[in-house]
> 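For reference, the structure I am asking about is given below.
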Amino acid sequence: MTRTRAAGARPADTAPAPGGPAPRRTLLHGLPWLVWRRHRTLLLLVLLTTAVGCLIFVWQRPGLLGFLHTHSTAPGAEGAPDNSFEHAYGQLFSGGRQLLTWLPVLAGVFLGAPLIAAEQEQRTLTLVSTQSVSRGRWAAAAIGLPLAVIVLCTALLSAAFTWLWEPAHLLVDGGDWLSGGLFESTGPVPVAMALFLTVCGIALGMLLRRTVAAMAATLVLALATGLWFERLRTGLGTLRSITYPYGSDGPALPRGAVRVDDWVATADGRLYGYGTCHTGDTEACRARLGIVHHVAQYFDYGQLAGMQWRGAGILLALTALVLAFVVWRVRRRPL
Amino acid sequence: MSDPSPWAIEAEGLGKKYRGGWALRDCSFRLPAGHICALVGPNGAGKSTFLGTATRLVEPTTGTLKLFGVPVSDPAVLSRVAFLAQDKPLYPRFTVAETLRLGRELNPRWDQALAERIVRSGSVSLDARVGTLSGGQRTRVAFALAFGKRPELLLLDEPMSDLDPLARHELSGLLLAEAAEHGTTVLMSSHMLSELEVMCDYLLVLAEGRLRMAGQTEELVPAHLLVTGVAEGGDGVPEELRRRHTVIESRVTGRQFSALIRPGGPVGDGWETLAPSMEEVLLAYLRSPEAPGLIADEARVGGPGEAAA
């Protein structure tokens, strides 16, 4: 991709350089070179983090499988309280989860926000837009290349982490993949979140024209997005429910399911809060309301992928909107 | 460049309106290729706005602007024009060599040897970071970037304003030498009137967003006379002088008046006349924005085309 764009940076109507082309040894040319040089440190850091992260995740997997094999009889359907797993792999999974939750935020704050804001602040936008490349092509490279690196890195990291986590999903966080942060740190969600926050950072930087202000605004937006996504999460799938007679222990949920809520219910399916008729004359109260059942609501493990893709889809649609605004503005008006 | 237009710049009815009002209004002129042209005017006269429209940084509200016959909205003009902004923006973390590489990567007609020569002649190390350079060295690198592009038109916004006299002298010499060698048309805005007199052979004067004067220096300056004599009448300038000539600016000291005029014919013997310097003419126009403007025939859009060649 990078090499074709370098070739495209030469308008066809101009004569070749009088002195002949200068010696070229490096891989990147034209605008991609400029964008890479400008964000060299940050992009290298992201690539290095990705490489190290992926290596660790892949390296740990055989050991984890071995552990699961030897302890395969121990955990029950819900994942029995077994300290040995937490002891051996707790730190690895919490580290991976933190990395994939925060990487999108860091990408938005440190890569997205200064991307255009710093060029405006240092007035280097004037410098690049008075060279021989059009503003549209500059914007494509300046925004496209960092986004491509972010997508590549978060996709690799998320894939490696998900690959490591899947065989142990019953044990990590006691099998709770919904509320502990695993929902946001596996599958397509980190990639979509990173794209969304980076593009929002670019847009905020372009509007605020101040690097530090844009970084702060992006951080606030990232935290708000985290809270919003947490609320959105349970709406991404249809809750399943299981009904059993009042007073009984009830059947076990399917393996890997996450219990979301408990209710009491009447024979015709009317739901009451779990605490209904817990005080006073409980028998009479229940008889009056007609409560005869317990209802447990849960998400099945099989629903996870669908819910994640739905969430990622929403984020990507928003990303596309913000990106379209950025491109439209960059092309329409001199920054 | 198969059929080069003789006009480096052709502006027709060019105007730019900001929220606060018109920064540039009804600006029509043309600049023949090959000249070193000064763009003069007080702060806020519209100089930077005009340079902005020529570098596609500012979109004009009205009118058209053509560079070498190509409308400025066409990206093809980008490779033919170089711009040196007043604050000389460069990436501070790039080394000088990387800054020159930026020029090489983004410009099809890049002349590496020329750019390196300009940098080296100022004893600037290619490995130095731009952020660590002095103002003069930084300007030199920015010059190298602009010249290395091999532009046909070089636009400079107050190029010497932040330099010490030594660096200013050195870089003016460099500018003139390179422009002469490559036949580059140069348009530079500046407040240093005395320097412009030495460097420039073409003049564009802007005041309050309007074009006041345009044409070759050797045509514009001799079109004026400094007249001194005995003051009479309300503002000291004799009625006869006002009737027969165009008075740009006048001043009374004691019983004497002195005026800069554009003679409409021979000036009578009653007054003493002097040929003004370019600086005196420019100052008079800058001080009197209400005085009638002077656009030389050659600089007038639709004027004689042969005169340029």
Side-chain angles (χ1 to χ4, degrees), chain A residues 2-3 5-42 114 118-139 141-142 331-335, chain B residues 1-2 48 51-60 70 73-95 98-116 130-131 142 145-146 148-152 154-155 157 182:
Chain A
T2 53
R3 264 182 252 183
R5 197 175 284 155
R10 263 131 248 287
D13 62 327
T14 45
R24 310 198 160 185
R25 282 158 280 127
T26 45
L27 191 68
L28 288 167
H29 293 309
L31 280 169
W33 170 80
L34 174 64
V35 176
W36 170 258
R37 171 61 192 88
R38 228 178 91 54
H39 305 289
R40 196 167 60 176
T41 320
L42 213 55
E119 302 253 18
Q120 285 175 317
E121 211 169 44
Q122 297 173 349
R123 305 237 315 128
T124 42
L125 202 56
T126 307
L127 179 75
V128 288
S129 42
T130 50
Q131 304 301 313
S132 303
V133 291
S134 73
R135 190 187 294 276
R137 209 152 47 206
W138 171 79
R331 291 182 61 96
R332 190 185 68 107
R333 55 187 297 168
L335 292 163
Chain B
M1 284 141 283
S2 47
S48 294
L51 289 174
T53 59
T55 48
R56 295 157 52 98
L57 297 169
V58 174
E59 205 176 338
V70 183
S73 52
D74 185 343
V77 301
L78 279 169
S79 62
R80 310 174 73 169
V81 180
F83 176 55
L84 194 57
Q86 189 173 357
D87 48 0
K88 283 105 191 168
L90 294 171
Y91 289 105
R93 298 174 65 87
F94 282 30
T95 64
E98 283 167 335
T99 304
L100 296 188
R101 178 160 179 201
L102 181 155
R104 195 172 81 214
E105 298 287 358
L106 301 188
N107 297 294
R109 300 197 294 166
W110 181 254
D111 188 339
Q112 179 77 10
L114 172 63
E116 280 188 21
V130 169
L145 200 55
K149 193 179 177 184
R150 276 295 185 82
E152 290 161 60
L154 179 58
L155 302 164
D157 194 358
H182 298 107

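Order of the sequence lines sets the chain letters (A, B, ...), proteins ahead of strands, with each chain counted from 1.
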> Before you tell me yes or no, could you show the steps for B:F94 and A:T124 under side-chain contact (heavy atoms from CB on, under 4.5 Å), namely the whole-Å CA-CA distance, both residues' side-chain angles and the distance that decides it to 0.1 Å?
CA-CA 12 Å; B:F94 282 30; A:T124 42; over 6 Å; no
> Please walk me through it: do A:T126 and B:F83 pass side-chain contact (heavy atoms from CB on, under 4.5 Å)?
CA-CA 9 Å; A:T126 307; B:F83 176 55; 3.9 Å; yes
> Given that the side chain runs from C-beta out, which part of B:L155 has a heavy atom under 4.5 Å from chain A: side chain, backbone, both or neither?
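The answer is neither part of B:L155.
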> With a 4.5 Å limit on heavy-atom distance, are the side chains of B:L106 and A:W33 in contact?
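Side chain of B:L106 against side chain of A:W33, heavy atoms only: no contact under 4.5 Å found.
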> Side chain, backbone, both or neither: which part of B:V81 has a heavy atom under 4.5 Å from chain A?
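B:V81 touches chain A through backbone heavy atoms alone.
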> Just so I know, are the side chains of B:Y91 and A:E119 near enough to count as touching, which here means a heavy-atom distance under 4.5 Å?
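Side chain of B:Y91 against side chain of A:E119, heavy atoms only: contact under 4.5 Å found.
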> Are side-chain heavy atoms of B:L78 and A:V133 found at a separation under 4.5 Å?
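B:L78 does not reach A:V133 side chain to side chain.
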> Mind ranking B:V77, B:L84, B:L90 by heavy-atom pairs under 4.5 Å with chain A and telling me who comes out on top?
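Between B:V77, B:L84, B:L90, the count favours B:L90.
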> Is any side-chain heavy atom of A:T130 less than 4.5 Å from a side-chain heavy atom of B:R56?
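No, every pair of side-chain atoms sits at 4.5 Å or beyond.
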> Nearest heavy-atom pair of B:K149 and A:S132: which atoms, and what distance?
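Residues B:K149 and A:S132, closest heavy atoms: CE-OG, 3.4 Å.
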> Is there side-chain contact between B:P89 and A:Q122, with at least one heavy-atom pair below 4.5 Å?
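A side-chain contact is absent here, since even the closest heavy-atom pair is not under 4.5 Å.
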> Looking at chain A, which one of B:A82, B:G52, B:P92, B:A113 has the largest number of heavy-atom pairs inside 4.5 Å, strictly under?
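Option with the top pair count is B:P92.
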> Do the charged groups of A:R40 and B:E98 touch, with an N to O distance under 4.0 Å?
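Counted as a salt bridge, because a side-chain N and a carboxylate O are separated by less than 4.0 Å.
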> Got a sec, which residues hit side chain to side chain contact (heavy atoms under 4.5 Å, CB included) with A:S129, two or more places apart in sequence or on another chain?
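Scan of A:S129 (side chain to side chain contact (heavy atoms under 4.5 Å, CB included), adjacent residues dropped) gives A:R135, B:L57.
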> A:A118: what forms a side chain to side chain contact (heavy atoms under 4.5 Å, CB included) with it, not counting sequence neighbours?
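With neighbours one apart ignored, the set is A:R38, A:P114, A:T211.
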> Heavy atoms only: give me the nearest B:R101-A:L28 pair and the separation to one decimal.
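Where B:R101 meets A:L28 most closely, the heavy atoms are NH2-O, 3.1 Å.
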